[in-house]
*Asks:* 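A single structure is presented below for examination.
Residue numbers begin at 1 in each chain, while the letters A, B, ... track the order of the sequences.
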Amino acid sequence: MTDTLPPQYNPSSIEAELYQQWLASGAFAPDGRPRRPPFVIMMPPPNVTSVLHMGHGLTYTVQDVLTRFQRMRGLATLWLPGTDHAGIATQNVVEKQLAREGLTRFDLGRTAFEQRVWDFVRTTGDTIIRQLKVIGSSADWSRQYFTLDEDLSRAVREVFVRLHDKGLIYRGKYIINWCPRCLTALSNEEAEKEEVDGRIWSLRYPLADGSGHITVATTRPETMLGDTAVAVHPADKRYRHLIGKMVRLPLADREIPIIADDAIDREFGTGAVKVTPAHDPLDFEIGQRHRLPAIDIMTPEARLAETVPEAFRGLDRFDGRKRVVQAFEALGLLEKVENHRHGVGHCYRCETVVEPRLSDQWFVKMAPLAKPALQAYRDGRLRFIPERRGEEYANWMENIRDWCISRQLWWGHRIPVWYCDACGKTIVSRTDVSRCACGSVPRQDEDVLDTWFSSWLVTFTSLGWPERTADLARYYPGHVMVTAPEILFFWVARMVMAGCEFMGDIPFHTVYLHGTVRDTQHRKMSKSLGNGIDPIEVVEKFGADALRYTVIAGMAVGTDVILDPNDLETSFAPGRNFANKLWNVGRLVLSNLAGQGDGEAGGEAGRRVVRPLAGEYPDVIHRNELGLADRWIIARCDAMVREATANYEKYRLNEAASAVYHFIWSDLADWYLEQVKPRLYGTQPGGDVARAVVARTFEIALQLLHPVMPFITDALWRRLPGRALGATVMDVAWPRPDRRASDDAAERDFGLVQELVSAVRQIRAEYGVEPGRQVALRISQRHPAFVEEEGTIARLAKVGQVSYGAPLAEPGANAVLKDGTSLYIALGELVDVRKECERLGAEFARLTQLIQTQEAKLANQNFVSRAPAEIVAREREKLASLTQQVASIAEKRQQLGCG
RNA sequence: GGGCGAAUAGCUCAGCUGGUCCAGAGCGCCUGCCUUACACGCAGGAUGUCGGGGGUUCGAAUCCCUCUUCGCCCACCA
């Protein structure tokens, strides 16, 4: 390791190579730690066909941070990755490709089409995985699965059969959400309700006996062609006399009855509802109750079907809507049109308006599965972060509805059901059925299963279930589930149910739901809005660590991450800058650990000095060899370890990151390294101690930061003296807080020195003292800290000469520290007595004000008697300090002869 | 229609179990500096009725009520 580090950190030069080394070392697999307790995070499998977007960037970074943290703490950590075949999404992509060639899937036929998808998946399917590696994901790729793998497919069939045998899977004709573009059924969760500005039309239906009409209100007039009744509330006085009468349905020219049903809301619309059992869920139920016929008026593509009058056949549903309205208008039966805002279902994949449609589908009975899953939450065994999400979960579980699991697609797990047309038998089987008991050849159900029907099982199928594998025994149940709130119901809730049903235990105890990445207008990032950020572009420009730091730092628990797609610089510069800062701290530290001036780390001198510090805090350095600043930085470092560790544990990753950030940048770089430079550079006594403290605190900072910024921290750590070839920061034990490191006196005393340096700098800036010019400083009190750090004060505040004693009478600038110490800087011609009086006067007024409120507080009997003693004592101290400061200022003002 | 969350510096947000962080960070802004680790930097500076109103308390940005404004989730009002 003879390279000299360049002054600017260049992530691309190290990231790829480092990642390869991590992979080669097997660091990501838990198998090397057979005796350690496991820690398992299941990776939400990304779609095979997807490319990385910022949402992935966020969720996988969070997971990697937790994974690395637990791994560094010594657990046998398994972050188990996989990819999802993503039925609809993938099929859509391939169908689009085909469309460009002028083909449809039907031209190819089922087998050829499936082959085509497989080819596509094999060639481009691992893009997302490659990209996950680019951002540093430390998943165990040796265990990577695909939801269509043979063993996972077997498990899917096993589950289907078991649920079927238990009576929890059934087939039936029900109203489902149908996507006329994807040509498949959707589950309730896949049909996303969106508020849209629509209209509501009031249509007159003439009574068959010619005695008048009844007016119905509808948002989908075209469906009237499939009406088989008009319903009113039984107690509605306006209509009671019409119940049982017939209506002459316009256009369709059919007679339909007026019926009474409790489900009708008298307040809404006209209080009379057209009933279309084949195209509306509520109407379907009403139809069931009243044994109404259901007329399907639409083709799968949502065009008006053969069942409607010729004039309307073949029209798209929206054109049909216009034509129906026009027809009503022409007949004088259109009563009114109003604007109406309402929720309309949209396909979660292609955003097409969903059409409720009557069809034969397979369903899972959910209520029995939900019971134990809900109980786990009620018992406190399953916990949500943020907590309020738990109530959403419980609410969904309590009102759960059956799950439509069949999809009219070709890409996915084919439903393991065979129908024998000869004897009418239905066969549900784990293995393919080629012959029915009656001797004839049955046909398999054409449909495939919902994508989520395989992904809800992955917490155990990815470990080998239904086989009793060693992995399954060791890694189930897992621990934490990290994901976006959007798929709480799609996936998380169902995984809990599947875990309870098939493994007898919940699959994880903590569900951490992080925020969403949004743009500055708080809109979700999406392709269609064009407001996305490409994480790979960010990595290329700023490095993976910068990307990771930015999303982690921007994410408080339960809040969204706001990034500006139009200004990557502003969004990611903090991360890049921090990486660069750390890099340069590293340059300074490393170039001085190996002895002076050779710019190379790991030399004999460095090795000799640093080795004794490899473990805990420097016991080897006797306390009396440590200077004030050394004791201070060790104490600060220890505080950082406590804070960062605690926050990692509590999933407050932003707090953890900021604790380390603050330590590295403010404490270590701005103060300690500046303080220690002379000892570092020179050969003066204390140099060894300084190097040891620098090396140890720097190493700890690298460790604590590694989960968030793995590349740069490992790159620097490896360059520390005495590292074996190929050793990585991931191998070292996570630092433990050390009581011996805390040092209140050092924190207080070095704090005074900092305050003093700042005060002098402030005066210099205010009076415009030239940067190069040294000033003479007089300190009222010969505090040991000032004496010890005189050199530091001199260098950092550009002070030429320090003396102690009462302020001098001649004009100069003054300041008072919190402990009452007064400072005086002779500035000669630069000082304007009047200005100085003003400054001191303002300070005097400010402090006097504070003293008044402080005195009032302490004069309050209620406060003194009721507040805890230590609070009162603290307030007294504060008052004493303020009083002292004011006295010093008053004295000085008198000296200067201020009014 | 139900349930829930958020309103703090110009911007994006921290502030976890009411009292040291006399209200913080990053970015942006102003002033001065290429000080031999870093100009992706250093030093200094400005800006807040902690959404409005009420209450509990010795004490509230922090707890309660209410109003206003945003946002989320759920729901078969056609």
Side-chain angles (χ1 to χ4, degrees), chain A residues 5 7-9 175 193 200 216-220 223 231 263-265 267-270 272-276 280-285 340 342-343 356 386 388-389 391-392 395-396 399 485 488-489 516 520 522 542 546 553-564 567 569-571 573-592 646-647 650 652 654-655 658 661-662 669-670 673-674 677 681 758 761-766 768 770-772 795-798 846 849-850 853-854 857 860-868 870-872 874-875 878 882:
Chain A
L5 306 181
Q8 268 200 3
Y9 173 53
I175 289 274
K193 278 282 164 67
I200 185 160
V216 298
T218 179
T219 54
R220 295 187 296 152
T223 60
I264 306 305
D265 180 352
E267 308 298 315
F268 190 85
T270 59
V273 182
K274 56 190 273 316
V275 182
T276 323
D280 184 275
L282 178 63
D283 292 4
F284 175 72
E285 285 173 27
H340 182 60
H342 60 138
R388 62 192 158 82
R389 296 284 178 183
E391 285 309 309
E392 280 176 28
N395 186 44
W396 186 78
N399 300 301
L488 177 58
F489 307 131
T516 309
T520 47
H522 291 205
F542 307 101
M555 188 191 55
V557 169
T559 67
D560 290 331
V561 177
I562 312 295
L563 295 171
D564 188 350
D567 190 356
E569 180 70 20
T570 297
S571 298
R576 178 201 55 191
N577 295 354
F578 182 41
N580 195 56
K581 184 71 183 183
L582 182 59
W583 184 253
N584 278 288
V585 168
R587 293 214 307 148
L588 177 67
V589 170
L590 292 171
S591 64
N592 287 291
N647 282 310
K650 288 188 282 189
R652 306 175 71 90
N654 62 324
E655 300 278 331
S658 105
Y661 180 97
H662 181 265
D670 290 347
L673 291 179
E674 292 303 332
K677 270 177 182 173
Y681 292 151
S758 295
R761 283 169 170 170
Q762 196 178 331
I763 286 170
R764 294 181 61 107
E766 211 161 314
E770 296 132 54
R795 268 183 312 111
L796 300 192
K798 289 259 167 53
R846 190 183 70 90
Q849 182 63 45
L850 285 175
T853 52
Q854 204 63 17
K857 200 178 214 177
N860 183 341
Q861 268 315 307
N862 279 327
F863 172 69
V864 178
S865 58
R866 294 196 204 183
E870 44 178 279
I871 300 286
V872 177
R874 204 183 300 163
E875 297 300 329
K878 206 154 113 189
L882 289 170

*Asks:* Assign A:Glu569 to base, sugar-phosphate, or nothing according to its heavy-atom contacts below 4.0 angstrom with the strands shown.
*Replies:* nothing

*Asks:* Using atom P in both nucleotides, what's the gap between B:G51 and B:G1 to the nearest angstrom?
*Replies:* 27 Å

*Asks:* So what does A:Glu770 hit on the nucleic acid, given a heavy-atom distance under 4.0 Å: a base, only sugar-phosphate, or nothing?
*Replies:* nothing

*Asks:* Does A:Gln8 have a side-chain nitrogen or oxygen under 4.0 Å from the phosphate oxygens OP1 or OP2 of B:C38?
*Replies:* no

*Asks:* With respect to the phosphate group of B:A14, does any side-chain polar atom (N or O) of A:Ser658 fall under 4.0 Å of OP1 or OP2?
*Replies:* no

*Asks:* When the C1' atoms of B:U12 and B:A6 are considered, how many whole Å apart are they?
*Replies:* 14 Å

*Asks:* Do A:Lys798 and B:A43 have a side chain to base donor-acceptor pair shorter than 3.5 Å?
*Replies:* no

*Asks:* Could you tell me whether a side-chain N or O of A:Asn399 sits under 3.5 Å from a main-chain N or O of A:Asn395, the two making a donor and an acceptor?
*Replies:* yes

*Asks:* Measure from the side-chain heavy atoms of A:Leu588 and tell me the nearest of B:C40, B:A37, B:A43.
*Replies:* B:A37

*Asks:* So, are A:Lys274 and A:Asp283 salt-bridged, with charged N and O less than 4.0 Å apart?
*Replies:* no

*Asks:* Rounding to an integer number of angstrom, what distance separates B:G24 and B:A14 when you compare their C1' atoms?
*Replies:* 7 Å

*Asks:* If you only use heavy atoms from C-beta on, which nucleotide in B:C40, B:A43, B:A37 is closest to the side chain of A:Tyr681?
*Replies:* B:A37

*Asks:* What is the per-nucleotide protein-contact pattern of nucleotides 20-28 of chain B, from the 5' end, where B denotes a base atom under 4.0 Å from a protein heavy atom, S denotes such proximity for sugar-phosphate atoms only, and - denotes neither?
*Replies:* B-B---SS-

*Asks:* For the aromatic rings, using the six-membered ring if either is Trp, is the centroid distance between A:Phe268 and A:His340 under 6.0 Å?
*Replies:* yes

*Asks:* Indicate, yes or no, whether a donor-acceptor pair under 3.5 Å links the base of B:C38 to the side chain of A:Arg587.
*Replies:* no

*Asks:* Each nucleotide in nucleotides 69-78 of chain B should get exactly one letter: B, S or -. Can you fill that in based on protein heavy atoms under 4.0 Å?
*Replies:* ----SSSBBB

*Asks:* For B:A14, which nucleotide is its Watson-Crick or G-U wobble mate, given both distances must be under 3.5 Å?
*Replies:* none

*Asks:* Identify whether any heavy atom of A:Ala669 sits under 4.0 Å from a base atom; if not, whether one sits that close to sugar-phosphate; answer base, sugar-phosphate or nothing.
*Replies:* base

